[in-house]
Protein chains: 2
Amino acid sequence: MVVKQRKFSKLRQAHHREKAEDYVEMIQELLGKQGEARLTDIAKQFGVSTVTAHKIVARLQRERLIASKPYRALFLTSKGKKMATQSKHRHEIVYRFLRSLGVPENVAQVDAEGIEHHVSPKTLSIFQRFLKRNVNRNQPLSPD
Amino acid sequence: MVVKQRKFSKLRQAHHREKAEDYVEMIQELLGKQGEARLTDIAKQFGVSTVTAHKIVARLQRERLIASKPYRALFLTSKGKKMATQSKHRHEIVYRFLRSLGVPENVAQVDAEGIEHHVSPKTLSIFQRFLKRNVNRNQPLSPD
DNA sequence: TCAAAAATTTAGCCTTGGCTAAATTTCGGC
DNA sequence: GCCGAAATTTAGCCAAGGCTAAATTTTTGA
Ligand SMILES: [Mn+2]
Ligand SMILES: [Mn+2]
Ligand SMILES: [Mn+2]
Ligand SMILES: [Mn+2]
């Protein structure tokens with residue numbers, strides 16, 4: 001009984017982390033690609049209003065993942081950089097794992113965006129091992 | 001650009017469906033196991049207060065997935081049954097897929113609870129094909 | 001330079017999903 | 001049949017994440 005409860009409480013925790021992970025990952029990407037991360041670009045990427053993006057960023061500033069001065073571009077704290085790097089890494093593995101199974105590019109992109117947040121370290125390392133074993137096959141296991 | 005937006009909008013849709021899927025699945029399970037689905041049992045299983053469970057059930061009644069008379073046990077509408085059956089099926093495949101890769105039981109349970117909601121039909125059918133191919137191996141691909 | 005445009009922030013609204021406290025209804029045992 | 005316990009519902013609080021409208025600040029270009 002208590003086992004099942006923990007299962008769902010873990011799910012709720014994962015949901016709380018999700019937005020944080022997606023946002024810091026996006027900010028790191030924008031910093032790399034354009035040199036700076038502006039609120040408008042972030043909102044555009046996520047397909048939400050700047051107001052929504054602003055509120056989420058404000059929460060992540062309270063949580064010391066993001067830093068910025070008013071009306072200025074956004075930066076990641078060291079805590080934020082660490083989360084971004086780890087999330088990006090996990091996201092990549094999940095995406096490449098799906099691709100290696102034969103999931104089409106656009107489907108794998110959408111599915112990985114959700115799945116990534118629910119893959120535990122143990123499962124991730126198993127995905128990695130699977131990728132390594134299939135590294136020299138050019139064909140996916142289940143071609144379309 | 002718009003591709004990325006759709007990716008996240010799909011993610012938000014998935015989140016909206018998640019609670020619905022978990023609840024109808026749970027109700028179907030309780031109906032099978034105990035003959036009826038009471039609010040207290042549902043709340044216990046999810047590890048939330050009966051008040052929280054009640055509010056979610058009320059929403060799902062508005063959405064015509066659940067039906068009941070006040071102070072009475074809960075039932076699934078035909079729409080709810082359909083969702084429950086499909087969700088259960090997808091959940092099972094995701095769980096068995098993880099297990100077949102060598103993910104330990106308790107980890108697979110937790111991860112599948114989150115992952116299931118983000119697996120598209122295309123990815124699911126690829127998981128199924130993978131399972132069929134590995135059906136006669138007693139050993140998982142990546143043993144612990 | 002300085003006015004218009006763009007970007008950011010604030011105010012205020014909504015829904016969902018958490019909670020506790022309290023009211024109401026149903027159930028069980030005597 | 002009734003009383004107390006259990007279950008359900010209602011009321012009211014909170015935070016997150018969605019929105020539009022409006023205020024504020026920064027940037028841009030004539
Ligand atoms: Mn990601
Ligand atoms: Mn994501
Ligand atoms: Mn499920
Ligand atoms: Mn689930």
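Quick note on labels: first sequence line is chain A, next is B, and so on, each numbered from 1. Any value given below was found using the heavy atoms of this structure, including those in side chains, with hydrogens, waters and symmetry copies removed.
In terms of phosphate contacts, B:Arg62 brings no side-chain nitrogen or oxygen within less than 4.0 Å of OP1 or OP2 of C:dT15. Look at B:Arg12 and you won't find any side-chain N or O under 4.0 angstrom from OP1 or OP2 of D:dC19. Between B:Lys44 and the phosphate of D:dA6, there is no side-chain N or O to OP1/OP2 separation shorter than 4.0 Å. Remark: B:Arg59 is in phosphate contact with C:dG17, judged by side-chain N or O atoms under 4.0 Å from OP1 or OP2. Look at B:Thr52 and you'll find a side-chain N or O under 4.0 angstrom from OP1 or OP2 of C:dC19.
Residue contacts for A:Thr40: at a heavy-atom cut-off of 4.0 Å it reaches the sugar-phosphate backbone alone, with no base atom in range.
Note on A:Val107: it does not cluster hydrophobically with A:Val110, by side-chain heavy-atom contacts below 4.5 Å among ILVMFWY residues. Under the 4.5 Å side-chain heavy-atom criterion for grouping Ile, Leu, Val, Met, Phe, Trp and Tyr, B:Val94 is connected to A:Leu124 within one hydrophobic cluster.
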Identify the pairs formed between an N or O of the protein and an N or O of nucleotides 10-13 of chain D at a distance under 3.5 Å, and give each distance.
none

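Look at A:Glu113 and B:Lys10 and you find no salt bridge, because none of the NZ, NE, NH1 or NH2 atoms lies under 4.0 Å from a carboxylate O.
Ring orientation note: the planes of A:Phe46 and B:Phe8 are nearly perpendicular, at an angle over 60° on the 30°/60° scale. Using cut-offs of 30° and 60° on the angle between ring planes, the pair B:His118 and A:His118 is parallel. The aromatic rings of B:Phe97 and B:Phe127 lie parallel to each other, their planes meeting at an angle below 30°, with 60° marking the opposite boundary.
Distance, B:Asp41 CG to D:dA6 C1': 12 Å, rounded to whole Å. The distance between atom CD1 of A:Ile42 and atom P of C:dA7, rounded to the nearest whole Å, is 13 Å. Between the CD atom of A:Gln61 and the C1' atom of C:dT9 there is a distance of 12 Å, given to the nearest Å. We find that CD of A:Glu36 is positioned 12 Å from C1' of D:dT27, with the value rounded to whole Å. As rounded to whole Å, 13 Å separates atom P of D:dC19 from atom CZ of A:Phe46. Rounded to whole angstrom, the span from the CD atom of A:Gln34 across to the C1' atom of C:dA7 amounts to 14 Å. Distance CG (A:Leu74) to P (D:dT26): 15 Å, rounded to an integer number of Å. Straight-line distance from the CD1 atom of B:Ile66 to the P atom of D:dT8: 13 Å, rounded to whole Å.
Within 6.0 Å of CZ in A:Arg17 there are 12 or fewer heavy atoms belonging to other residues, nucleotides or ligands.
A:Glu29 pairs by the salt bridge (charged side-chain N to carboxylate O under 4.0 Å, His left out) definition with A:Lys33, B:Lys4, not counting sequence neighbours.
In this structure, of C:dT8, C:dT25, C:dC19, it is C:dT8 that holds the atom nearest to the side chain of A:Leu39. Of the candidates D:dT8, D:dC19, C:dT9, the closest approach to any side-chain atom of B:Tyr71 belongs to D:dT8. Residue B:Arg72 places its side chain closer to C:dT26 than to any other of C:dT26, C:dT9, D:dT8.
With DNA chain C read from its 5' end, the first of the two nearest nucleotides for B:Glu63 and A:Lys69 is the one closest to A:Lys69. Residue whose closest nucleotide on DNA chain C sits further toward the 5' end, between B:Ser49 and A:Arg38: A:Arg38.
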